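One structure below.
Counting starts at 1 for both ligands and their atoms, following the listed order. All of these numbers come straight from a predicted model, not from anything done at the bench.
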Amino acid sequence: METPSDMHRYIEEQRREGKTVGYVPTMGFLHAGHFSLFERAVKENDCAVASVFVNPTQFGDEKDFLTYPQDRERDLQFAEQAGIAAVFCPSREAMYPNGTDVTVKVASKTDVLCGKSRPGHFDGVATVLTKLFTIIQPQRVYFGMKDAQQVAIVADLIRAFHFPIELVACPIIRESDGLAKSSRNVHLSAAERVEAAYLHRALEQALEEVKRGCRSDQAVVTLIQNDLLNHLKLGKIDYVDALSYPALRRAKDGQLNGRFILALAVYYKNARLIDNVTGEI
Ligand code: AMP
């Protein structure tokens with residue numbers, strides 16, 4: 001489906017037949033991470049739909065937007081194999097009929113992690129999701145914990161605008177060496193790809209330290225930073241942080257407590273990679 005009205009009509013038909021609708025928003029160039037969300041949406045709903053839309057308003061960096069990998073035909077086959085009933089692939093004009101005259105602003109949880117290094121990113125995410133949720137009106141939406149800050153902010157968006165939608169957060173799918181699957185991994189050189197496995201390794205080692213009793217957020221952050229500095233020759237650290245989750249607040253007295261997230265972002269020449277682990281004390 002390419003227009004909001006076609007998609008809306010299709011969904012209305014499903015709803016008239018009494019079907020529950022599960023929805024997975026994506027930017028395409030689909031991989032096993034997306035597939036896991038599709039499978040879950042198919043399993044838990046009568047009708048599972050997805051969208052493929054590279055949303056311009058969530059990219060600060062024009063080059064990142066213009067080079068974002070795309071393969072529409074492969075994506076459609078992939079979605080069909082997973083049991084997705086319909087894929088919404090709107091044009092930029094269809095999604096933004098009056099440009100950015102009316103947008104959504106996210107004022108909380110955006111001063112840390114990706115919100116801090118990508119100003120305006122989550123405003124773009126919240127704006128496009130508000131449009132997509134309104135068009136598709138699903139009962140359930142599926143998001144990956146790969147983008148844990150996004151999950152926390154989408155939960156706030158759903159509450160703020162009273163969307164009658166259940167948010168389902170799904171685990172991170174990884175390559176065999178631990179690298180989180182990402183559409184942007186195709187932009188890594190062979191040497192960068194090998195090195196990128198350390199991102200997850202550094203997070204896991206820090207998580208082990210927390211399990212062993214280390215509570216100081218600064219000590220955990222330093223541990224991850226040192227591990228990355230020792231192993232990364234090509235990548236450059238954007239951020240490393242340890243915060244409460246989903247509130248994304250700094251720990252009181254610098255001591256991790258309750259549910260927490262260890263998160264990082266690393267720049268390679270043509271890709272910025274993010275990863276995280278969550279735990280509970
Ligand atoms: P994207 O196409 O990158 O915007 O991602 C669409 C959805 O797939 C988001 O909810 C992501 O968090 C999720 N996703 C992307 N990569 C992974 C992964 N490796 N494991 C689990 N979910 C993922």
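- Annotation for S216 and Q255: closest pair CA-NE2, 4.1 Å, computed over non-hydrogen atoms.
- Rounded to the nearest 0.5 angstrom, R212 CZ and E209 CD are separated by 4.5 Å.
- Polar contact check, D147 against ligand 1: a nitrogen or oxygen pair lies under 3.5 Å apart.
- Comparing heavy-atom distances from atom 3 (O) of ligand 1 across F29, F35, Y68 singles out Y68 as nearest.
- Here Y267 sits alone; no ILVMFWY side chain lies under 4.5 Å from its own, so it joins no hydrophobic cluster.
- Taking every heavy atom of H31 and a limit of under 4.0 angstrom, the matching atoms of ligand 1 come to 15 (C), 16 (N), 17 (C).
- Nearest non-hydrogen protein atom to atom 22 (N) of ligand 1 is G144 CA, 3.5 Å.
- The shortest N or O to N or O distance between H34 and ligand 1 is below 3.5 Å.
- Given atom 6 (C) of ligand 1, the protein heavy atom at minimum distance is P25 O, 3.4 Å.
- In terms of protein heavy-atom proximity, atom 21 (C) of ligand 1 is nearest to P171 O, 3.4 Å.
- Under the 4.5 Å side-chain heavy-atom criterion for ILVMFWY residues, a single connected hydrophobic cluster contains both I237 and Y268.
- Both Y198 and L179 belong to a common hydrophobic cluster when Ile, Leu, Val, Met, Phe, Trp and Tyr are linked at side-chain heavy-atom distances under 4.5 angstrom.
- The option with the heavy atom closest to atom 23 (C) of ligand 1, from among M145, Q58, M27, K146, is K146.
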Step by step, would you call D241 with R250 a salt bridge (Lys or Arg N to Asp or Glu O under 4.0 Å)?
CA-CA 9 Å; D241 217 340; R250 219 151 282 295; 2.9 Å; yes
Chi angles and distances behind the side chain to side chain donor-acceptor pair (under 3.5 Å) call for Y239, S117
CA-CA 8 Å; Y239 67 74; S117 29; 5.8 Å; no
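- With hydrophobic clusters built from ILVMFWY side chains whose heavy atoms lie under 4.5 angstrom apart, F88 shares a cluster with V154.
- Residue L37 approaches ligand 1 through these ligand atoms, each under 4.0 Å from one of its heavy atoms: 7 (C), 8 (O), 10 (O), 13 (C), 22 (N).
- Of all atoms in ligand 1, numbered sequentially from 1 with element shown, those under 4.0 Å from a heavy atom of I172 are 20 (N), 21 (C).
- Looking only at heavy atoms of the protein, atom 20 (N) of ligand 1 is closest to I173 N, 2.8 Å.
- Every atom of ligand 1 with a heavy atom of K181 under 4.0 Å away is listed here by number and element: 16 (N), 17 (C), 18 (C), 19 (N).
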